Amino acid sequence: MSEDKKLLVVFGATGIQGGSVARAILADPVASKQFNIRAITRDPSKQAAKTLAQHGAELVKADLEDKDSLRLALKDAYAVFAVTNFWETFDAAAEIRQGMNVADIAKLDVKHLIWSSLPGISRVTNHKLTGVVHFDSKARVDDYIRQLSIPHTIITLAIYATFFFEILTPLPTTPPSYVLAFPEPTSAQTKVPIIDPTADLGKFVKGILLNPGKSLGQNFNVAGKEYTFEDIIAIATGTGIDISFQQVDKETFKAGMAAKGFPDVVCEGVSQAAQYIQDYGYFGGAGFEESHKVLLEPLSTLEDTLRNSAVLSQLKNQK
């Protein structure tokens, strides 16, 4: 580790978001001259962790529930990329606690905390829609970071591009075909902003780190592009997958997600999120163009994402 570089601590470094951030810095000739990467993982023996180490990252074991481990993880850090994983626990209270734990330790010395968040749907809807707990939990941490006056950038992420393909319903046809069922009041014309977090999140975070003057104290809505469901299906069809859109009532949608193994907190959350997107817009009526000003390179297209997606290659191979 070079002594004259700044230290960037990356949480979830073996996951989708943290992995994208760590790779983007390590692979970039300019950013890698400015930053050393300390990759935080609970399991340094994972292959993804070993790969990061081979590319020059320092591996440190830490747990978001353990403040002592966080103190060691953040020792000498200039910047931190922090993300929590609701999908591991399905527990919004745990997610809030973990985000606040990182903020408490970052408050001591960190010069730039980048926090990965989601829209605060309860707030935007004036508490009409309060069931999207995995969005509201992240937005609660936004407030806490601001309250502590930590030098920060909050990035509010769009929907993962692959999400819609993970909830497809297969039809008993040869060749295989699928239905993308989404709850009322959404329709084929509903617009959703999406991001390919694996390919692109690191590009945004790299731009934020290399441009602190433009990014400190800012909240960026982060998306690649906005599409209607019809657009997404047309692009998927172009890559050889037969999908049709179907609007269903909320109970049918929830039953379909439950059948795929999702717990009720997620089934209810996604169905309320669908209503929110239709009635208010994903970013509550705001755009995401501002975040593109920090980018130093082009984003991937939805076609690229679908071509590179393990989810889609599985769908194509299900005969």
Side-chain angles (χ1 to χ4, degrees), residues 9-18 40-43 61-74 80-108 110 113-150 152-160 163 166-167 197 201 219 221-222 250 253-254 257-258 260-277 280 282-284:
V9 173
V10 178
F11 282 89
T14 57
I16 291 173
Q17 293 192 29
I40 306 301
T41 175
R42 281 183 318 194
D43 181 6
K61 189 174 174 178
D63 187 329
L64 289 164
E65 293 285 4
D66 176 357
K67 276 193 167 178
D68 288 334
S69 78
L70 293 178
R71 271 187 200 91
L72 290 171
L74 268 60
V80 175
F81 172 77
V83 61
T84 50
N85 185 2
F86 173 81
W87 302 96
E88 198 170 74
T89 61
F90 299 113
D91 180 350
E95 207 179 13
I96 293 167
R97 185 172 63 243
Q98 291 170 5
M100 287 180 172
N101 283 347
V102 176
D104 285 340
I105 307 301
K107 167 72 178 150
L108 304 174
V110 167
L113 171 62
I114 300 168
W115 165 246
S116 172
S117 192
L118 289 167
I121 290 179
S122 286
R123 179 185 303 150
V124 177
T125 65
N126 210 1
H127 298 282
K128 286 193 184 77
L129 297 170
T130 56
V132 196
V133 296
H134 65 295
F135 279 52
D136 285 344
S137 54
K138 286 194 160 70
R140 279 276 302 280
V141 179
D142 299 2
D143 296 340
Y144 191 68
I145 288 167
R146 292 191 189 105
Q147 189 187 316
L148 291 180
S149 302
I150 302 168
H152 69 271
T153 307
I154 293 166
I155 52 175
T156 304
L157 261 63
I159 302 165
Y160 286 13
F163 170 73
E166 287 160 6
I167 61 168
L201 181 63
N219 187 342
N221 294 329
V222 170
K250 182 177 166 178
F253 175 76
K254 284 177 67 176
M257 281 200 78
K260 293 183 178 70
F262 289 103
D264 187 60
V265 64
V266 172
C267 303
E268 180 61 33
V270 175
S271 58
Q272 285 198 29
Q275 188 181 340
Y276 162 75
I277 291 165
Y280 296 84
Y282 182 84
F283 291 120

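Since this is a predicted model, take the numbers as computed values, not measurements.
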Quiz item: Could you walk me through whether V265 and F86 pass the side chain to side chain contact (heavy atoms under 4.5 Å, CB included) check?
Solution: CA-CA 11 Å; V265 64; F86 173 81; 4.2 Å; yes

Quiz item: Is R123 paired with D142 through a side-chain N to carboxylate O contact shorter than 4.0 Å?
Solution: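 No, this pair does not count.
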
Quiz item: So does R146 pair up with D143, basic N to acidic O under 4.0 Å?
Solution: yes

Once rounded to the nearest 0.5 Å, what's the spacing between atom [atom1] of [X] and atom [atom2] of [Y]?
X    : Y    : atom1 : atom2 : answer
S271 : K250 : OG    : NZ    : 4.5 Å
I40  : L74  : CD1   : CG    : 7.0 Å
F81  : L201 : CZ    : CG    : 5.0 Å
T156 : N219 : OG1   : CG    : 4.0 Å
R97  : L64  : CZ    : CG    : 10.5 Å
D66  : K61  : CG    : NZ    : 10.5 Å

Indicate yes or no for a side-chain donor-acceptor contact from [X] to the backbone of [Y] under 3.5 Å, with no hydrogens or angles considered.
X    : Y    : value
N101 : K67  : no
Q17  : P197 : no
S69  : D63  : yes
Y276 : G284 : yes

Shortest non-hydrogen contact from [X] to [Y]?
X    : Y    : result
A139 : G120 : CB-CA, 3.5 Å
C267 : A258 : SG-N, 3.6 Å
T130 : V133 : O-CG1, 4.2 Å
V9   : A73  : CG2-O, 3.4 Å
P119 : L157 : CD-O, 4.3 Å
G99  : W115 : CA-CH2, 4.0 Å

Can you check whether [X] reaches [Y] side chain to side chain, under 4.5 Å on heavy atoms?
X    : Y    : answer
F253 : V270 : yes
D104 : L148 : yes
Q272 : F135 : no
V102 : V141 : no
V222 : F283 : no

Exercise. State which residues pass side chain to side chain donor-acceptor pair (under 3.5 Å) with S122; sequence neighbours excluded, sorted by chain then number.
Key: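 For S122, the residues satisfying side chain to side chain donor-acceptor pair (under 3.5 Å) (neighbours in sequence not counted) are D136.
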
Quiz item: Can you list the steps and then say if Y282 with N221 is a side chain to side chain contact (heavy atoms under 4.5 Å, CB included)?
Solution: CA-CA 10 Å; Y282 182 84; N221 294 329; over 6 Å; no

Exercise. Would you please name every residue forming a ring pair (Phe, Tyr, Trp, His ring centres under 6.0 Å) with Y144, sequence neighbours left out?
Key: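 Scan of Y144 (ring pair (Phe, Tyr, Trp, His ring centres under 6.0 Å), adjacent residues dropped) gives none.
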
Quiz item: Considering the options H134, K138, R140, which one meets the side chain to side chain donor-acceptor pair (under 3.5 Å) requirement together with E95?
Solution: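 Looking at H134, K138, R140, the match for E95 under the side chain to side chain donor-acceptor pair (under 3.5 Å) is K138.
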
Self-check item: Pair T84, Q98: side-chain N/O donor-acceptor within cut-off below 3.5 Å
Solution: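 No donor-acceptor contact under 3.5 Å links the two side chains.
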
